[in-house]
Enquirer: 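Quick one: the structure is below, questions incoming.
In what follows, every heavy atom counts, from backbone to side chain, and hydrogens, waters and symmetry copies are set aside.
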Amino acid sequence: THRGTLFPYTTLFRSNQSGDYTVKQDLLKRYAYFILSSPQREVEEWVKPFIDNMDEYNARELIADLFKELIYAQDYLNTEHNFWFVWNLFKGKIIEICKDGDEYGRISDLVKAYLFAQIFWNADAQKWHSLKAENKRFFKIISEKIGHCASTLYAISKLLNDVGSNYLDDGVVWVSTMLENNPDFLGKKLETNTIYYIEKLVRRFIYKNKEKIKRTKVLNGKVITILDLLIQRGSTIGYMLRESVV
């Protein structure tokens, strides 16, 4: 059983090291379908080698690619339970490797793949069948546990503008909390397009909830926290939006 568990990982890792991109992607695609189609009692056995090797720099690119293939497989298969079971198996290790940030060792790419930010969704996609109301807690926990990583701020902001748009109201709180808990974001290097995505999400939120924001002190404070970041980053949109809610 142990050798059977290890075999897919070692085969995939060797294909990754050999530079044969086509072979690697074909193996990953097949393996992703296999994992999501397996009985749930067997799934942990098949993903454990990837979790165990996530500390290895050279393994992280492979694991990030596996995340993407799992998402594409889930898009097609729409398995009822396996997908989020797999995602939660990886969660503890993702949190662990992010404890000192995401600036080194390919961690940022791993986080972005894990948080759906490296998927080529349809341009007009605003929801996904596997992001349901009961999955909001996952993103809340992630934004609290690894919200100090610039890749998390980017990925959550992007998600709220595409297939996670149904999480917008909760998402504004997630983003604001990340900024409140990590004031260094005001001057920290951010992922490309982070400000663009934050501008879009907060503009949509204010458009929907302007009067509520004005009369609700806590909500107003959450929105102002986001707008302050935008203004600090030189955003004209942030400045104009702030004037509309103060």
Side-chain angles (χ1 to χ4, degrees), residues 1-98 102-123 125 128-131 138 142 146 149 151-152 154-155 158-159 162-163 191-193:
T1 302
H2 177 70
R3 291 183 62 187
T5 303
L6 198 59
F7 172 74
Y9 175 80
T10 54
T11 303
L12 286 163
F13 185 73
R14 288 192 194 107
S15 69
N16 193 50
Q17 294 295 90
S18 71
D20 193 332
Y21 180 81
T22 303
V23 171
K24 183 192 75 170
Q25 291 305 116
D26 184 60
L27 284 169
L28 281 171
K29 181 177 181 179
R30 291 171 183 269
Y31 197 52
Y33 274 73
F34 171 74
I35 290 171
L36 295 185
S37 301
S38 294
Q40 192 171 101
R41 66 182 180 276
E42 299 175 6
V43 168
E44 185 170 1
E45 178 184 3
W46 296 117
V47 302
K48 188 176 185 298
F50 295 89
I51 297 170
D52 290 346
N53 285 278
M54 202 181 292
D55 289 318
E56 298 295 326
Y57 173 84
N58 290 328
R60 288 174 183 163
E61 179 184 7
L62 177 67
I63 297 169
D65 285 342
L66 176 63
F67 287 154
K68 288 181 276 188
E69 290 300 333
L70 283 164
I71 294 168
Y72 286 128
Q74 174 65 3
D75 189 47
Y76 179 78
L77 295 172
N78 193 12
T79 60
E80 186 66 25
H81 301 296
N82 274 6
F83 179 78
W84 282 106
F85 181 71
V86 170
W87 241 238
N88 280 296
L89 287 174
F90 278 101
K91 183 172 65 178
K93 192 64 178 182
I94 289 283
I95 292 170
E96 179 187 323
I97 67 170
C98 288
D102 64 344
E103 296 178 9
Y104 304 101
R106 292 177 172 165
I107 293 176
S108 63
D109 287 338
L110 200 62
V111 170
K112 286 183 286 186
Y114 184 63
L115 296 179
F116 310 92
Q118 292 187 331
I119 299 300
F120 295 102
W121 305 106
N122 292 334
W128 188 45
H129 55 62
S130 297
L131 296 179
F138 168 84
I142 284 293
I146 61 171
C149 295
S151 53
T152 306
Y154 165 81
K158 181 178 184 297
L159 183 82
D162 48 49
V163 292
E191 296 277 349
T192 303
N193 288 329

Enquirer: From the options Lys24, Arg60, Gln118, select the one residue that forms a side-chain hydrogen bond (donor to acceptor under 3.5 Å, both in side chains) with Asp65.
Expert: Lys24
Enquirer: Salt bridge check: are Lys29 and Asp26 linked by an N-O gap of less than 4.0 Å?
Expert: no
Enquirer: With under 30° as parallel and over 60° as perpendicular, where do the rings of Tyr33 and Tyr76 fit, or are they tilted in between?
Expert: tilted
Enquirer: Just wondering, do Leu70 and Trp87 contact through their side chains at under 4.5 Å, heavy atoms?
Expert: yes
Enquirer: Look up atom CD1 in Ile63 and atom CZ in Arg106, then write down how far apart they are to the nearest 0.5 Å.
Expert: 11.0 Å
Enquirer: Keeping Tyr31 on the side-chain end and Trp46 on the backbone end, is there a donor-acceptor pair under 3.5 Å?
Expert: yes
Enquirer: Does Ser151 reach the side chain of Ile107, with side-chain heavy atoms less than 4.5 Å apart?
Expert: no
Enquirer: Does a side-chain heavy-atom distance below 4.5 Å link Ile51 with Leu89?
Expert: yes
Enquirer: Mind listing the closest non-hydrogen atom pair of Ala117 and Tyr154 along with its distance?
Expert: CB-CE2, 3.9 Å
Enquirer: Between Leu110 and Ile97, does the side-chain contact (heavy atoms from CB on, under 4.5 Å) criterion hold? Intermediate values first, please.
Expert: CA-CA 10 Å; Leu110 200 62; Ile97 67 170; 3.4 Å; yes
Enquirer: What's the separation between atom NZ in Lys68 and atom CD1 in Ile71, rounded to the nearest 0.5 Å?
Expert: 9.5 Å
Enquirer: For a 4.5 angstrom cut-off between non-hydrogen side-chain atoms, does Leu62 reach Asn53?
Expert: no
Enquirer: Can you find a side-chain donor-acceptor pair between Gln74 and Thr79 that sits under 3.5 Å?
Expert: yes
Enquirer: Does the separation of the ring centres of Phe50 and Tyr114 fall below 6.0 angstrom?
Expert: no
Enquirer: Can you confirm whether Leu36 sits close enough to Phe85 that some side-chain heavy atom of one is under 4.5 Å from a side-chain heavy atom of the other?
Expert: no
Enquirer: Do the charged groups of Glu191 and Lys158 touch, with an N to O distance under 4.0 Å?
Expert: no
Enquirer: Does the pair Asp55/Lys93 count as a salt bridge with the N-to-O cut at 4.0 Å?
Expert: yes
Enquirer: Check whether more than 12 heavy atoms from other residues, nucleotides or ligands sit under 6.0 Å from atom NE2 of His81, and answer yes or no.
Expert: no
Enquirer: Any side-chain heavy atom of Glu69 sitting closer than 4.5 Å to one from Arg30?
Expert: no
